[in-house]
Trainee: 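The structure that follows is given in the form of structure tokens.
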Amino acid sequence: MSGARRGRSEWLLYLYAESPLHAGAADSAGVVDLPIQREAGTGYPVVWGQSLKGALRQAARDGGQDVAWRDNDIASVFGSQPPGGADAGSSQAGLLSVGDAQLVALPVPTLRHTFAWVTSDLALSRLARKHTLLPDGLREALPVPALAKDTGLAAHEAWYGQENQEVIGPMLVSLGESTELAAWAARLARDAIGAGPGLEAFATKMRADLLAVGQDVMPELNRECTEVTARVQLNDGQEDEAKRKTVEHGPFYSEYLPAETVLAASLSLRPDGLEELYAAELVQLLHGRLIQVGGDETLGKGLVWCRMVGPGVTDDAPVPAPDAGTGAGTGTAVAS
């Protein structure tokens, strides 16, 4: 398959968390009974490709707003359900390959502007690498700013103007200026959040409040700035009415990626003669849509906004620059 043909079936999928996200790992970690998935080598939070593909498959089964997915289309794109019993031997691989959703930016509490999105040179380098898989015209990878291991950079002058040290989560970090990070902030505002209804203010905030920290700081934020929630299971009172609504099990502790987290994954659709039709249906299903990923669906967890970069995706209106009158100056606009 030629590079051009391969490029037409490649997308970058951003996931922007509307509510806390729990993609559960197999083993508990310390006092956390239900931890989130993390990379073994880096400790970075992640949503593994198999978990994400299952969520995308379920979104197709639930039905997009503009596309009615038939069972045979779902099987062709996402593969058949895992076989069992009488279905053994009837499985088929899907045309869609789904990569791990890796961390791009983590929302971290700050003393200024309530919170900031924090990224790292590792996270940005991975995102730049994903851009190289996109078709011609969309492959431009921005330069990744150089970071000292224990310091940080800011996309906007509000963070490095008068004082160059900021409280970021549990850390005190020295911040410097970076026009390269400002370019990344403009790109993430446009590509990961967009200027859709209800999202424009957050996209503008991304341009003003994106920080990047070094290799000694980001692992600590990844550990300390996720959400850990205590939960209990109550007795239903069916066996003993006197015990109704008393604690039956727990407390147990669940970990979540916080709302406003940004992740990114690569999607690749193999050609089979119908890939153009399936590609259009995927874009209609996912781009600008709210889907559910991970566990605790009935608690409202795991709602994420999807945005795609790649063939068949229509550009949104430009994201407004931050208001200079509030101490948030303009970022650097980036063209794809």
Side-chain angles (χ1 to χ4, degrees), residues 10-29 32-62 77-79 82 94 96-108 117-120 122-127 129-131 133 188 191-193 218-219 221-223 225-229 254-269 282 285-310:
E10 300 279 352
W11 296 271
L12 182 59
L13 174 67
Y14 283 101
L15 303 176
Y16 174 42
E18 170 75 12
S19 63
L21 169 62
H22 177 81
D27 300 319
S28 61
V32 179
D33 302 288
L34 300 171
I36 59 175
Q37 297 167 0
R38 292 179 181 271
E39 298 171 351
T42 66
Y44 274 46
V46 67
V47 178
W48 293 328
Q50 61 268 35
S51 299
L52 179 57
K53 188 172 185 178
L56 301 184
R57 178 191 177 92
Q58 186 59 48
R61 291 187 68 87
D62 292 342
V77 174
F78 298 99
L96 183 67
S97 297
V98 180
D100 294 342
Q102 296 176 321
L103 181 68
V104 173
L106 183 72
V108 174
W117 280 282
V118 181
T119 187
S120 68
L122 174 60
L124 292 179
S125 295
R126 288 173 161 182
L127 187 56
R129 188 169 62 194
K130 288 181 174 64
H131 269 275
L133 300 175
L188 291 176
D191 291 350
I193 301 178
M218 194 66 186
L221 299 181
N222 285 338
R223 287 191 297 268
C225 295
T226 58
E227 296 183 11
V228 177
T229 302
S254 299
E255 184 181 21
Y256 300 89
L257 276 173
E260 314 303 332
T261 298
V262 179
L263 305 110
S266 293
L267 302 182
S268 177
L269 189 68
L282 274 173
L285 174 70
L286 298 177
H287 186 60
R289 307 299 193 193
L290 188 69
I291 69 168
Q292 198 278 332
V293 177
D296 294 338
E297 177 181 5
T298 59
L299 302 178
K301 308 299 185 182
L303 297 176
V304 297
W305 292 100
C306 296
R307 288 185 59 82
M308 300 175 74
V309 178

Trainee: Would the distance check show the side chain of S19 and the main-chain N or O of G302 forming a donor-acceptor pair, the cut-off being under 3.5 Å?
Mentor: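 Yes, S19 side chain to G302 backbone: donor-acceptor pair under 3.5 Å.
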
Trainee: Between W117 (side chain) and V262 (backbone), is there a donor-acceptor pair under 3.5 Å?
Mentor: no

Trainee: Got a second to check how far W305's CH2 is from H287's NE2, nearest 0.5 Å?
Mentor: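 So the gap between those two atoms works out to 12.0 Å.
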
Trainee: Between atom CG of L263 and atom OH of Y14, what is the distance when rounded to the nearest 0.5 Å?
Mentor: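 Output value for this atom pair is 11.0 Å.
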
Trainee: With no hydrogens and no angle check, is any side-chain donor or acceptor of K53 less than 3.5 Å from a backbone partner on L96?
Mentor: yes

Trainee: Mind running side chain to side chain contact (heavy atoms under 4.5 Å, CB included) on S51 and V293 for me, showing each step along the way?
Mentor: CA-CA 8 Å; S51 299; V293 177; 5.9 Å; no

Trainee: Search all heavy atoms of S268 against all heavy atoms of E10 and return the closest pair with its distance.
Mentor: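 In terms of heavy atoms, the two residues are closest at OG-OE2, 3.1 Å.
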
Trainee: For a side chain to side chain contact (heavy atoms under 4.5 Å, CB included) check, start with the C-alpha distance between T119 and L188, then their side-chain angles and the critical distance, and finish with the verdict.
Mentor: CA-CA 11 Å; T119 187; L188 291 176; 6.0 Å; no

Trainee: Output the distance between atom CE (M308) and atom CG (L12), rounded to the nearest 0.5 Å.
Mentor: 9.0 Å

Trainee: Which heavy atom of P258 sits nearest a heavy atom of C225, and at what distance?
Mentor: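 Nearest pair, atom of P258 first, then C225: CG-O, 3.7 Å.
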
Trainee: Of all heavy-atom pairs between A17 and V304, which one has the smallest distance, and what is that distance?
Mentor: CA-CG1, 4.0 Å

Trainee: Checking D100 side chain against G49 main chain: does a donor-acceptor pair fall under 3.5 Å?
Mentor: yes

Trainee: Between L56 and L285, which heavy-atom pair has the shortest distance, and what is it?
Mentor: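 Closest approach of L56 to L285: O-CD2, 4.3 Å.
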
Trainee: For L221 and L106, which heavy atoms make the closest approach, and how far apart are they?
Mentor: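 Heavy atoms of L221 and L106 come nearest at O-CD2, 3.7 Å.
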
Trainee: Assess whether side chain to side chain contact (heavy atoms under 4.5 Å, CB included) is satisfied between N222 and T42, documenting all intermediate values.
Mentor: CA-CA 10 Å; N222 285 338; T42 66; over 6 Å; no

Trainee: Run the numbers on W48 and Q37 for side chain to side chain donor-acceptor pair (under 3.5 Å), then give the verdict.
Mentor: CA-CA 7 Å; W48 293 328; Q37 297 167 0; 4.5 Å; no

Trainee: Verify the distance criterion only: is there a donor paired with an acceptor across the side chains of Y16 and T261 at less than 3.5 Å?
Mentor: no

Trainee: Which value, rounded to the nearest 0.5 Å, describes the distance between M218 atom CE and R223 atom CZ?
Mentor: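 Rounded to the nearest 0.5 Å, the CE-CZ separation comes out at 11.5 Å.
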
Trainee: Is any side-chain heavy atom of R307 less than 4.5 Å from a side-chain heavy atom of L15?
Mentor: no

Trainee: Nearest 0.5 Å please: distance from the CG atom of L122 over to the CG atom of L103.
Mentor: 9.5 Å

Trainee: Taking C-beta and beyond as the side chain, do L257 and P20 meet within less than 4.5 Å on heavy atoms?
Mentor: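 No; the side chains remain at least 4.5 Å from each other.
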
Trainee: Taking the six-membered ring of Y256, is the NZ or CZ of K301 close enough (under 6.0 Å from the centre) and on axis enough (within 45°)?
Mentor: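 So K301 does make the cation-pi contact.
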
Trainee: Would you say the side chain of E18 lies within less than 4.5 Å of the side chain of E260, judging by non-hydrogen atoms?
Mentor: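 Contact flag for E260/E18 side chains = no.
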
Trainee: Which value, rounded to the nearest 0.5 Å, describes the distance between I291 atom CD1 and L52 atom CG?
Mentor: 6.5 Å

Trainee: Do you know which two heavy atoms are closest between L34 and H22, and how far apart they sit?
Mentor: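 For L34 and H22, the tightest heavy-atom pair comes out as O-CE1, 3.0 Å.
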
Trainee: Any Lys/Arg nitrogen of R126 or E39 sitting under 4.0 Å from an Asp/Glu carboxylate oxygen of the other?
Mentor: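 Here R126 pairs with E39 in a salt bridge, since their nearest N and O are under 4.0 Å apart.
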
Trainee: I would like to know whether R38 and E255 meet salt bridge (Lys or Arg N to Asp or Glu O under 4.0 Å); could you show each step before the answer?
Mentor: CA-CA 11 Å; R38 292 179 181 271; E255 184 181 21; 2.8 Å; yes

Trainee: Answer whether the closest heavy-atom distance between the side chains of V47 and I36 falls below 4.5 Å.
Mentor: no

